[in-house]
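Values below: all heavy atoms of this structure, side chains included; hydrogens, waters and symmetry mates excluded. Numbers restart at 1 for each chain; the letters A, B, ... are given by sequence-line order, proteins then strands.
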2 protein chains.
Amino acid sequence: MSKDSTKNVVPTLADVARAAGVSSATVSRVLNQPSLVHENTFQVVMQKVRELGYHPNFGARALASKRTHTIGIIIPSLDNYYYVKCLSAIEESLKDLRISVLVATSNYNSVIERNQVDRLISRGAEGILCFRDTIHADTDDTVISKTTPLITIGSRACRGAMSMIGFNNRQAMAELALYAVAMGHKNIAYITAHLNKNTFLFERLEGVQDALGHSGISPSELRLYETHSTFDGGSDSFEKLMADDPTTTLVICSNDILAVGVATKALSMKYSIPADLSITGFYDLDIARVIEPKLTTVMVPIAQMGRRAAMAMVDFIVNNTMPTGSVLLETRLCIRGTLAPPKQVECV
Amino acid sequence: MSKDSTKNVVPTLADVARAAGVSSATVSRVLNQPSLVHENTFQVVMQKVRELGYHPNFGARALASKRTHTIGIIIPSLDNYYYVKCLSAIEESLKDLRISVLVATSNYNSVIERNQVDRLISRGAEGILCFRDTIHADTDDTVISKTTPLITIGSRACRGAMSMIGFNNRQAMAELALYAVAMGHKNIAYITAHLNKNTFLFERLEGVQDALGHSGISPSELRLYETHSTFDGGSDSFEKLMADDPTTTLVICSNDILAVGVATKALSMKYSIPADLSITGFYDLDIARVIEPKLTTVMVPIAQMGRRAAMAMVDFIVNNTMPTGSVLLETRLCIRGTLAPPKQVECV
DNA sequence: ATGAAAGCGCTAACAA
DNA sequence: TTGTTAGCGCTTTCAT
């Protein structure tokens with residue numbers, strides 16, 4: 001085989017140009033700025049592109065243009081419906097704008113999270129979306145590229161030039177807890193996903209404590225259970241907390257997944273919900289309406305947060321507008337069947 | 001500012017090399033083949049890397065090495081737990097091997113799917129994972145790069161050099177349906193996700209029909225409902241099918257999500273499960289055990305499929321072994337509370 | 001509307 | 001063990 005004849009390898013721009021009898025600059029224009037090219041030329045070139053099965057080389061394109069049109073997202077776990085729902089909204093917002101999403105997971109670990117930032121940047125991410133704020137606490141900010149914006153979703157505002165799209169975790173949880181506690185519950189347990197160093201989880205805990213305080217219950221009386229954010233985590237914690245104190249009448253959970261786990265286990269242990277036991281969740285995921293009775297929870301605008309975060313990234317990639325500041329979105333109480341006053345209210 | 005002094009831009013390999021007093025080749029080795037470099041040199045260079053906040057330029061690296069260490073995955077929807085569960089297993093298998101995952105969605109649309117293949121290849125994907133087999137039916141294979149392997153997950157074997165990791169959809173569904181029908185159900189409805197051109201969904205339908213045939217029921221008596229693969233899709237279809245024929249005693253669903261939607265709606269309509277109504281699903285997702293009674297379904301080794309598919313990609317990327325042939329994994333019946341014989345068995 | 005040519009930042013021979 | 005150097009395939013001025 002001669003070197004110059006049709007090679008049995010991946011075709012390049014030059015190959016297309018040669019086949020179409022134009023320069024490679026013209027082929028590049030056809031692909032990137034078709035309006036600058038004559039209609040006929042366009043057709044001829046596109047024909048050859050199809051014929052040869054040409055695909056632009058991503059590396060070369062990125063190197064020459066200094067653009068990757070890629071963002072990275074660091075998600076604690078793909079097994080957690082909350083994060084995935086947000087990821088879905090992000091991907092949905094970005095796909096038509098031809099911006100790709102590189103997915104990295106952290107397993108709720110802030111060290112891994114920090115490494116993923118570097119990795120994503122090395123992978124060409126022009127911006128990074130992230131769900132936890134431990135990155136900022138744990139790291140020397142100076143190492144984080146100043147040219148790669150990092151936006152935190154659903155957590156609290158961060159220091160530095162970082163931006164945030166979220167909601168008031170403390171207040172949202174306090175509202176829900178206050179509503180529940182005001183029904184007369186005295187013996188309360190709180191199941192939270194592992195706190196680690198996540199401020200947003202601490203804020204929810206503070207929200208619960210705020211509610212207790214307002215209701216004249218000492219926050220120190222709150223029984224706290226930390227666990228994995230899974231159905232089983234909820235179920236296991238419920239067994240444990242009921243073994244610790246069978247008179248518990250209200251179980252507040254830091255998210256719906258835990259709450260559904262609690263409800264499932266409680267039902268199988270023949271507790272009647274909400275007669276024997278009230279349960280609350282957080283987020284208002286689809287599964288909140290799958291269990292019977294349906295779960296009382298807080299609606300968090302997950303998809304909207306994802307869209308806002310995505311838009312901020314688009315604005316950066318397209319207009320070079322560095323995202324800044326923080327946005328707090330509204331949450332809403334969803335009072336449903338799993339919440340009721342405790343059965344035996346003691347007469348004073 | 002002079003041109004040569006510390007520039008306020010992204011540092012390059014050459015910048016690190018200059019700062020460390022070595023050649024850029026040495027810096028490259030430190031980063032890619034540290035074993036070839038003297039320990040002292042390694043330390044000095046790494047120190048400068050950190051100091052400057054250097055991140056390798058992905059485009060340049062990809063261009064020079066002809067490697068991206070990236071695979072693409074085309075997923076019908078990130079809102080469907082089944083696909084996400086598999087994605088999770090894939091990501092998990094790949095993260096430690098430093099292979100990145102580019103996520104693209106198709107919205108169950110084979111045209112979009114086909115476009116995503118091109119897009120992912122242009123994005124540098126060295127291989128592509130995909131959940132549907134319509135791509136192969138709809139397309140001129142010659143346009144799909146021969147150098148980029150495409151593996152189908154969970155669907156049937158495809159033609160050409162493409163590879164597949166899946167299971168026998170028809171047989172798995174037939175086993176479940178046969179078990180259910182053998183209990184004496186005569187009036188049966190089947191709710192399926194939109195068939196479109198997906199062979200695997202047709203295969204499940206055939207499985208149901210096989211079971212009816214074996215039980216002496218004419219397959220034409222099966223009432224078929226196509227809907228979106230969501231809880232609401234299941235709920236809505238259930239309302240419809242009960243309006244069409246209130247004597248239905250068994251609802252077979254093409255997946256657990258639909259089945260849970262059916263169960264939720266049935267419960268809220270005061271049907272007693274399984275006394276009035278039996279329900280079956282497919283996949284054995286977490287949510288199968290969340291509803292009460294728990295869902296009868298088929299366990300599909302989703303995570304295992306993801307891992308196998310990921311491993312095949314690793315083998316291609318690392319050893320240049322083109323994936324080929326197809327793998328069929330085992331499924332297992334999960335008989336749980338939503339299935340029972342129909343209440344009024346007519347005496348013959 | 002099109003072409004020529006200079007890099008983009010890195011890797012991988014090859015030399016030393 | 002380290003340095004020199006020639007590209008990788010594309011975009012993008014600058015000409016024409």
Taken to the nearest whole Å, CG/Leu13(B) to C1'/dT2(D) is 15 Å
I need the CG-C1' distance between Leu63(B) and dC8(C), as an integer number of Å. 9 Å
Of Ser65(B) and Ser24(B), whose nearest nucleotide on DNA chain D comes first from the 5' end? Ser24(B)
Counting heavy atoms from C-beta on, name the nucleotide in dG9(C), dT2(D), dC10(C) closest to the side chain of Lys66(A). dG9(C)
Can you check the Arg18(A) CZ to dG9(D) P distance for me, whole Å? 11 Å
At under 4.0 Å, does any side-chain N or O of Asn32(A) touch on OP1 or OP2 of dT11(D)? yes
First encountered from the 5' end of DNA chain C, between Thr12(B) and Thr41(A): Thr41(A)
Rounded to whole Å, please give me the gap between NE2 in His38(B) and C1' in dG3(D). 17 Å
May I have the distance from Arg29(B) (atom CZ) to dC14(C) (atom P), rounded to whole angstrom? 14 Å
Tell me the interatomic distance from Leu36(A), atom CG, to dT16(D), atom P, rounded to whole angstroms. 20 Å
Looking only at side-chain N and O atoms, does Asp79(B) offer a donor or acceptor that is under 3.5 Å from a partner on Tyr81(A)? no
Whole angstrom value for the distance that separates C1' of dC10(C) from NE2 of His55(B): 16 Å
With DNA chain D as reference, determine whether Leu31(A) or Val37(B) sits nearer its 5' end, using the nearest nucleotide of each. Val37(B)
Which part of the nucleic acid does Tyr54(A) contact within heavy-atom distance under 4.0 Å: base, sugar-phosphate only, or nothing? sugar-phosphate
Could you state the NE2-C1' distance from His69(A) to dC10(D), rounded to the nearest angstrom? 13 Å
What distance do Gln47(B) atom CD and Arg50(B) atom CZ have between them, rounded to the nearest 0.5 Å? 5.5 Å
Donor-acceptor pair between Ser106(B) and Gln116(B) side chains, under 3.5 angstrom: no
